[in-house]
Visitor: 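Structure incoming, see below.
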Amino acid sequence: MNHEYFMKEALREARKALDAGDVPVGAIVVIDNKIVGRAHNQVELLKDPTAHAEMLAITQAASMLSSQQLQDAVMYTSLEPCLMCAGALVLSRMKMLFYATPDQKTGACGSVFDVVNDNRLNHQVKVVHGLLKDEAQQLLQDFFKMLRKRNDDVA
């Protein structure tokens, strides 16, 4: 697998979220070197707190494969998944997760929590982090800089 190529695809999705004014997170799901799910954050667009990139990509992949279990799948995401998304990774039985940058506030795949590797659960997900970290961090910094500027302009 060309991990860098797939992470770049996740970052391409993250840019879509940024362009739409949402937190720039993108995710893709890959099976046998084929993308079977891709999404970006759509929380603001859909006014839905569950519309995280990872959740939408998992839903798309499960629908495409007509299966709730994605045991042969690998997810690439630009930001470490939160508790909700980490739970979905475990429940979908995702094989592996690559994330670009950690989330020191809500990360649930090793930073704040480690849901995906909790031995009390029936499935664990192998995690690799740091792939294209600088690019992912830059997107997040650009977003929050833009948000602060917008808030300053309104005040």
Side-chain angles (χ1 to χ4, degrees), residues 1-65 70-117 125-151:
M1 273 193 172
N2 186 338
H3 301 301
E4 190 168 307
Y5 168 80
F6 291 123
M7 185 60 79
K8 284 181 180 179
E9 288 297 308
L11 288 166
R12 184 184 324 258
E13 288 295 321
R15 282 187 207 87
K16 291 178 186 177
L18 179 66
D19 292 344
D22 216 321
V23 179
V25 178
I28 64 165
V29 177
V30 176
I31 294 179
D32 294 330
N33 280 322
K34 292 187 174 117
I35 297 173
V36 295
R38 69 168 55 237
H40 55 277
N41 270 6
Q42 296 183 44
V43 172
E44 294 298 325
L45 174 71
L46 300 176
K47 305 297 183 225
D48 179 354
T50 69
H52 289 197
E54 299 91 341
M55 298 294 288
L56 297 171
I58 289 170
T59 298
Q60 192 179 94
S63 178
M64 182 179 211
L65 299 167
L70 304 173
Q71 63 269 12
D72 296 324
V74 177
M75 175 174 279
Y76 295 82
T77 185
S78 56
L79 181 65
E80 179 182 1
C82 69
L83 280 167
M84 173 181 66
C85 297
L89 289 166
V90 170
L91 292 174
S92 69
R93 291 176 169 60
M94 190 74 56
K95 178 179 172 181
M96 192 168 187
L97 166 70
F98 285 81
Y99 69 82
T101 190
D103 183 341
Q104 299 298 331
K105 291 185 179 185
T106 64
C109 298
S111 292
V112 179
F113 305 102
D114 198 4
V115 171
V116 296
N117 285 302
V125 180
K126 183 175 179 187
V127 177
V128 176
H129 58 87
L131 183 62
L132 301 180
K133 178 181 177 180
D134 293 341
E135 193 171 337
Q137 284 180 330
Q138 189 62 55
L139 282 172
L140 289 162
Q141 289 169 354
D142 291 348
F143 173 76
F144 288 109
K145 190 182 299 181
M146 178 183 72
L147 199 60
R148 283 190 297 276
K149 183 179 180 339
R150 188 182 311 148
N151 289 341

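Residue numbers start at 1 and run along the sequence shown.
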Visitor: Going by the rule side chain to side chain donor-acceptor pair (under 3.5 Å), which residues pair with Ser78 if we only count those two or more places apart in sequence or in a different chain?
Guide: none

Visitor: Checking Glu13 side chain against Ala53 main chain: does a donor-acceptor pair fall under 3.5 Å?
Guide: no

Visitor: Could you check if a side-chain atom of Val116 sits within less than 4.5 angstrom of a side-chain atom of Asp114, using non-hydrogen atoms only?
Guide: yes

Visitor: Identify the two heavy atoms, one from Gly21 and one from Glu44, that lie closest to each other, and give their separation to 0.1 Å.
Guide: O-CG, 4.1 Å

Visitor: Check whether any side-chain heavy atom of Ile58 lies under 4.5 Å from a side-chain heavy atom of Met75, and answer yes or no.
Guide: yes

Visitor: Report the relative orientation of the aromatic rings in Tyr76 and Phe6; use parallel for angles under 30°, tilted for 30 to 60°, perpendicular for over 60°.
Guide: tilted

Visitor: Is any side-chain heavy atom of Leu83 closer than 4.5 Å to a side-chain heavy atom of Thr106?
Guide: no

Visitor: Rounded to the nearest 0.5 Å, what separation is found between the SG atom of Cys109 and the NE2 atom of His129?
Guide: 10.5 Å

Visitor: Checking the side chain of Gln60 only, and the main-chain atoms of Arg38 only, is there a donor and an acceptor separated by less than 3.5 Å?
Guide: yes

Visitor: Considering non-hydrogen atoms only, spot the tightest contact between Pro102 and Leu79 and give its length.
Guide: O-CD1, 3.8 Å

Visitor: Between Phe143 and Leu139, is there a side-chain heavy-atom distance shorter than 4.5 Å?
Guide: no

Visitor: Rounded to the nearest 0.5 Å, what separation is found between the CZ atom of Phe98 and the NE2 atom of His3?
Guide: 4.0 Å

Visitor: Can you check whether Val74 reaches Ile28 side chain to side chain, under 4.5 Å on heavy atoms?
Guide: no

Visitor: Would you find a donor on one side and an acceptor on the other, under 3.5 Å apart, between the side chain of Asn41 and the backbone of Asp22?
Guide: no

Visitor: For residues Gln42 and Leu56, report the shortest heavy-atom separation together with the two atoms involved.
Guide: NE2-CD1, 3.8 Å

Visitor: Other residues, nucleotides and ligands only: do more than 12 of their heavy atoms fall within 6.0 Å of CE on Met146?
Guide: yes

Visitor: What verdict does the side-chain hydrogen bond (donor to acceptor under 3.5 Å, both in side chains) test give for Gln138 and Asp142, after you've listed the backbone C-alpha separation in whole Å, the side-chain angles of each residue and the deciding distance to 0.1 Å?
Guide: CA-CA 6 Å; Gln138 189 62 55; Asp142 291 348; 2.8 Å; yes

Visitor: Kindly give the heavy-atom pair with the smallest separation between Asn2 and Asn33, and that separation in Å.
Guide: N-OD1, 4.4 Å

Visitor: Return yes if some donor-acceptor pair links the side-chain N/O of Ser63 with the main-chain N/O of Thr59 below 3.5 Å, else return no.
Guide: no

Visitor: Might you confirm whether atom NZ of Lys16 has over 12 heavy atoms from other residues, nucleotides or ligands at distances under 6.0 Å?
Guide: yes

Visitor: State, with a plain yes or no, whether a side-chain heavy atom of Val112 is found less than 4.5 Å away from one of Glu80.
Guide: no

Visitor: Flag the pair Glu54 / Leu89 as yes when at least one side-chain heavy-atom distance between them is below 4.5 Å, and no otherwise.
Guide: no

Visitor: For Phe113, I'd like to know if atom CZ has over 12 heavy atoms of other residues, nucleotides or ligands within 6.0 Å.
Guide: no

Visitor: Is there a donor-acceptor pair closer than 3.5 Å between any side-chain N or O of Gln137 and the backbone N or O of Thr101?
Guide: no

Visitor: If you compare all heavy atoms of Met84 against all heavy atoms of Pro49, which two are closest, and at what distance to 0.1 Å?
Guide: CE-O, 3.8 Å

Visitor: Please find the pair of heavy atoms, one from Val29 and one from Ala57, that lie closest to each other, and give the distance.
Guide: CG2-O, 3.8 Å

